[in-house]
Number of protein chains: 2
Amino acid sequence: MAADPLSRVFSALADPTRRDIVARLAIGDATVNELAAPYDVTVQAVSKHLRVLEDAGLVSRSREAQRRPVHLEANVFDLMTKWIERYRRQAEERYRRLDDVLRSMPDAVDTTPPKQEGTPS
Amino acid sequence: MAADPLSRVFSALADPTRRDIVARLAIGDATVNELAAPYDVTVQAVSKHLRVLEDAGLVSRSREAQRRPVHLEANVFDLMTKWIERYRRQAEERYRRLDDVLRSMPDAVDTTPPKQEGTPS
DNA sequence: ATCTTTCTCAACCAAATGGTTGACAACGAA
DNA sequence: TTCGTTGTCAACCATTTGGTTGAGAAAGAT
């Protein structure tokens with residue numbers, strides 16, 4: 001089993017069925033049988049998927065008679081978005097700098113579009 | 001191999017070594033040997049990781065003499081952030097509505113914690 | 001031409017993954 | 001109590017994955 005939380009979350013969402021389940025749970029809590037209904041796999045398979053999502057902290061299961069309502073824990077998403085945003089911003093910044101360098105070169109390639117730029121972000 | 005692009009991206013980032021490589025590439029392009037140096041795995045293993053990242057569209061490899069500089073393609077991140085944001089927002093909206101309902105109920109359960117903000121971890 | 005460097009491909013291996021079936025625990029209903 | 005429903009656990013199976021070693025392609029250096 002993956003050690004670090006970030007790997008667990010990414011790994012959990014790397015499966016289309018599990019992303020589908022998350023999408024379903026965003027609408028509202030559901031039981032395992034309800035979640036399994038749309039797919040032609042056994043309930044056990046869906047239960048396994050839910051365990052993966054639970055280990056990643058994306059989902060929680062409570063007890064209610066025989067039923068086990070599954071609930072989406074949205075806050076774990078932040079872990080991912082923070083990681084993603086960090087490196088995207090860094091890469092975009094780098095790209096911008098490269099762009100500046102190219103622009104500052106008189107006519108190395110000459111394909112420079114005659115454009116005046118705004119300053120995004 | 002995973003069919004859909006979203007699964008490929010999530011799956012690619014589910015590995016700590018590959019996330020590390022992405023972090024490194026955010027600083028600047030690098031060759032396979034440079035990328036492999038910090039880890040005690042073979043260059044072949046890193047080459048495989050790069051292939052996974054490339055299939056996910058997160059990275060591109062060009063040719064420059066014998067060297068193959070690896071470049072980070074930041075735009076693919078958007079695919080993920082869009083997906084994540086959508087369901088997080090949906091789940092938060094749902095939580096807000098549930099919160100409203102609970103607040104509008106006079107004293108259904110009475111175990112209501114006194115107005116605390118933020119989840120108790 | 002022959003070496004050297006850089007990197008990928010192919011074959012193999014152990015472990016993880018996603019699925020199955022079968023057994024059974026927990027609980028409400030009869 | 002016995003039955004039906006809901007869900008998990010255990011064992012098993014096929015495929016994928018992350019790693020290895022060994023061979024070889026591509027291009028500059030000698």
Side-chain angles (χ1 to χ4, degrees), chain A residues 1-25 28-72, chain B residues 1-25 28-72:
Chain A
M1 199 175 301
D4 65 299
L6 205 42
S7 293
R8 279 201 293 268
V9 179
F10 276 121
S11 186
L13 294 178
D15 183 284
T17 303
R18 284 195 294 260
R19 283 200 307 278
D20 226 41
I21 289 174
V22 167
R24 166 66 185 79
L25 289 174
D29 294 3
T31 68
V32 177
N33 267 304
E34 286 167 357
L35 290 171
Y39 314 101
D40 63 342
V41 296
T42 60
V43 181
Q44 287 96 321
V46 172
S47 189
K48 274 195 182 182
H49 279 309
L50 288 173
R51 181 146 171 67
V52 174
L53 289 169
E54 193 176 26
D55 286 345
L58 282 161
V59 137
S60 64
R61 288 184 273 190
S62 52
R63 180 116 234 170
E64 181 185 290
Q66 318 98 301
R67 251 148 278 106
R68 310 288 310 275
V70 184
H71 177 77
L72 183 64
Chain B
M1 197 177 299
D4 65 298
L6 206 41
S7 294
R8 279 200 294 266
V9 180
F10 276 120
S11 187
L13 294 178
D15 183 284
T17 302
R18 283 193 297 258
R19 282 199 308 278
D20 228 41
I21 288 174
V22 167
R24 165 66 185 78
L25 289 174
D29 295 4
T31 69
V32 178
N33 267 303
E34 286 167 357
L35 290 171
Y39 314 102
D40 63 343
V41 296
T42 60
V43 180
Q44 287 95 322
V46 172
S47 189
K48 273 195 185 183
H49 279 309
L50 288 173
R51 180 148 171 67
V52 173
L53 289 169
E54 193 176 27
D55 286 344
L58 282 160
V59 137
S60 65
R61 286 184 275 189
S62 51
R63 182 114 233 171
E64 181 185 291
Q66 318 98 302
R67 252 150 276 105
R68 310 290 310 273
V70 185
H71 177 78
L72 183 62

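Letters go in sequence order (proteins before strands), and every chain restarts at 1.
- The line from CG of A/Leu13 to OG of B/Ser11 is 11.5 Å long, rounded to the nearest 0.5 Å.
- Contact annotation: A/Arg18 reaches the phosphate of C/dG18 (side-chain N/O to OP1 or OP2, under 4.0 Å).
- Neither OP1 nor OP2 of D/dT5 sits under 4.0 Å from any side-chain N or O of A/Asn33.
- Using a 4.0 Å cut-off, some side-chain N or O of B/Ser47 falls inside it from OP1 or OP2 of C/dT8.
- Among the nucleotides D/dT8, C/dC7, C/dT8, the one closest to the side chain of A/Arg68 is D/dT8.
- The backbone N or O of A/Thr31 sits nowhere less than 3.5 Å from a side-chain atom of A/Arg67 that would complete a donor-acceptor pair.
- Listed by chain and number, the residues in a salt bridge (charged side-chain N to carboxylate O under 4.0 Å, His left out) with B/Arg19 are A/Asp4 (sequence neighbours excluded).
- Considering only residues two or more places apart in sequence or on other chains, B/Glu34 meets the salt bridge (charged side-chain N to carboxylate O under 4.0 Å, His left out) condition with none of them.
- Rounded to whole Å, atom P of D/dT8 lies 12 Å from atom CG of A/Asp55.
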Any chance you could list the contact pattern along nucleotides 19-25 of chain C? Use B for base contacts, S for sugar-phosphate-only contacts and - for none, protein heavy atoms under 4.0 Å, 5' to 3'. BBBB---

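- Residues satisfying the side-chain contact (heavy atoms from CB on, under 4.5 Å) test with B/Arg61, not counting sequence neighbours, are B/Ser47, B/Leu50, B/Arg51, B/Glu54, B/Arg68, B/Val70.
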Listed pairs, N/O of protein and of nucleotides 25-30 of chain D, under 3.5 Å:
none

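- For B/Arg18, the side-chain hydrogen bond (donor to acceptor under 3.5 Å, both in side chains) test picks out B/His49, with sequence neighbours left out.
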